[in-house]
Asks: 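Dropping the structure in here first, questions after.
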Amino acid sequence: MASLINMVSVSPRILTPTTTTTTRTSSLPTRPSFAPFSLSFPKRRLTVRAAETDANEVKPEAPDTAPAKNGSSFNQLLGIKGASQESNIWKIRLQLTKPVTWPPLVWGVVCGAAASGNFHWDFEDVAKSILCMMMSGPFLTGYTQTLNDWYDREIDAINEPYRPIPSGVISENEVITQIWVLLLGGLTSAGILDIWAGHDSPTLFYLALGGSLLSYIYSAPPLKLKQNGWIGNFALGASYISLPWWAGQALFGTLTPDIIVLTLLYSIAGLGIAIVNDFKSVEGDRALGLQSLPVAFGEETAKWICVGAIDITQLSVAGYLLGAGKPYYALALLALIAPQVIFQFKYFLKDPVKYDVKYQASAQPFLVLGLLVTALATSH
């Protein structure tokens, strides 16, 4: 539940921002033939005014400014930088949900199911797990990412003006409709799973609702947790690691206090992963007063905070497994930490902006495999 659970890469950013409750006029890019965008926050309506054309009649057009001349259509569908210009509204909708951020949530459900010790490879359990993955990934992570982009539109106008919302290729009504459809789809899926699992209490619905609320307060004023680098990134890490794990375990077994503590500890590693995504937004964060860790501590210090949170957390979990009498699982986890450290020095610590995609693609598979090792250890 990206809310349920980026994650991890996944800056799933969990949902999206304005730095203060003070209204600002956003200098959003416009097409040459139109007057500038105007934002009317009290009515929450984004209008595009042209000489003789109503805003509702304007069809989406590819923005004039793109991240690269030869952008990738594959990157566009995944919702990552290097995307091609696109005018198809359904492809734009998919881009807003950032499918690249779904796998950590899906993997979290797998880990929770494994930790329960009650998952069986039969049709019913597989069907339950698929619906739970749909709830955590496409529905609630998609909700989180779309909401985050909506509240991040001012920052994106500075850092990534070619993104769908600041570039104007999708209207406010279309964005808000998408947010509600994804949220209601996720909550409905959670309710169905509770009935299917025979829960006396709607545990999964509560988890989905709580994760969705966390996503909202992460991105939206007045709380806007993402304004604080520590609180915001930990909330993001918990959404990508703890929440989907809890969902998978509650679906097939019992969610116990020790698992809650262990997964929240693992969420500190998620905090580190979230920091990786802050480096590319330093300019916009600084301009709008967001205290991301690279802004608050400087990029050099923030790099070491990032890798420290990731590595020390996993070493602590390995120590916990060793103390719990599970030395082979502890050794397996240590073996998975080593390549992460190598890639940190090879890519991330050299240049966290230039090599962020390479670093995450190289190192994070080992981290998520470590999650599964931990889950299997707790199930025995």
Side-chain angles (χ1 to χ4, degrees), residues 1-21 101 104 108 144-145 147-148 151-152 155 159 210-246 260-317 340 344 348-349 352-353 356 359-360 363-364 367 371:
M1 307 165 151
S3 39
L4 278 194
I5 264 348
N6 183 62
M7 135 244 349
V8 175
S9 137
V10 84
S11 183
R13 298 190 263 210
I14 273 192
L15 305 178
T16 358
T18 315
T19 20
T20 65
T21 51
T101 64
T144 288
Q145 295 295 347
L147 182 62
N148 189 66
Y151 283 106
D152 264 355
I155 290 179
N159 295 322
S212 302
L213 177 61
L214 180 62
S215 294
Y216 180 79
I217 65 175
Y218 170 83
S219 299
L223 295 179
K224 195 184 294 185
L225 300 181
K226 69 184 300 176
Q227 290 180 114
N228 182 294
W230 294 108
I231 298 174
N233 284 330
F234 181 77
L236 192 62
S239 294
Y240 274 80
I241 294 177
S242 299
L243 284 171
W245 182 316
W246 296 350
I260 292 175
V261 172
L262 181 63
T263 51
L264 286 175
L265 174 63
Y266 237 124
S267 296
I268 298 175
L271 177 150
I273 293 168
I275 297 172
V276 173
N277 296 303
D278 288 339
F279 287 91
K280 65 183 180 182
S281 304
V282 168
E283 182 184 348
D285 290 348
R286 187 178 287 120
L288 293 177
L290 293 178
Q291 288 299 302
S292 65
L293 295 186
V295 171
F297 292 95
E299 294 183 35
E300 191 63 29
T301 301
K303 286 192 297 187
W304 290 99
I305 293 174
C306 174
V307 298
I310 294 171
D311 298 342
I312 293 173
T313 297
Q314 294 178 91
L315 290 171
S316 300
V317 173
Q340 296 178 58
Q344 285 164 0
F348 182 73
L349 292 172
V353 176
D356 66 330
Y359 165 67
Q360 294 188 72
Q364 287 192 16
L367 184 141
L371 281 170

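Residue indices begin at 1 and follow the sequence shown.
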Asks: Please say which of L371, L264, L271 ends up in a side chain to side chain contact (heavy atoms under 4.5 Å, CB included) with I241.
Replies: L371

Asks: With rounding to the nearest 0.5 angstrom, report the OH to OG1 distance, Y266 to T313.
Replies: 9.0 Å

Asks: State the CD1-CD1 distance between I310 and I268, to the nearest 0.5 angstrom.
Replies: 12.0 Å

Asks: Can you name the nearest heavy-atom pair linking N277 to I273, along with the distance?
Replies: ND2-O, 3.7 Å

Asks: When rounded to the nearest 0.5 angstrom, what is the spacing between NZ in K280 and CG in D285?
Replies: 11.0 Å

Asks: Within a reach of under 6.0 Å around CG of L315, are more than 12 heavy atoms found that belong to other residues, nucleotides or ligands?
Replies: yes

Asks: Heavy atoms, side chains only, cut-off 4.5 Å: are Y216 and L223 in contact?
Replies: no

Asks: If I take atom OG from residue S316 and atom CG from residue L262, how far apart are they, to the nearest 0.5 angstrom?
Replies: 10.5 Å

Asks: Quick check for you: to the nearest 0.5 Å, what is the distance between F234 atom CZ and I275 atom CD1?
Replies: 12.5 Å

Asks: Please confirm whether the backbone N or O of I260 pairs with a side-chain atom of T263, one donor and one acceptor, at under 3.5 Å?
Replies: yes

Asks: Please round to the nearest 0.5 Å and tell me the distance separating atom NZ of K226 and atom CD of Q291.
Replies: 14.0 Å

Asks: Taking side chain as C-beta onward, heavy atoms only, is D278 less than 4.5 Å from V282?
Replies: no

Asks: So which heavy atom on N228 is nearest to which on I231, and how close?
Replies: OD1-N, 3.0 Å

Asks: Can you say whether the rings of Y359 and F348 are parallel (under 30°), tilted (30 to 60°) or perpendicular (over 60°)?
Replies: tilted

Asks: Would you be so kind as to tabulate the donor-acceptor pairs closer than 3.5 Å made by side chains of residues 294-306, with sequence neighbours excluded?
Replies:
| residue | atom | partner | partner atom | Å |
| --- | --- | --- | --- | --- |
| E300 | OE1 | K303 | NZ | 3.1 |
| K303 | NZ | L349 | O | 2.8 |

Asks: List the atom of A235, the atom of L225, and the distance in Å for their closest heavy-atom pair.
Replies: CB-CD1, 4.2 Å

Asks: Could you report the tightest heavy-atom contact between A269 and L367, atom names first, then the distance?
Replies: CB-CD1, 4.4 Å

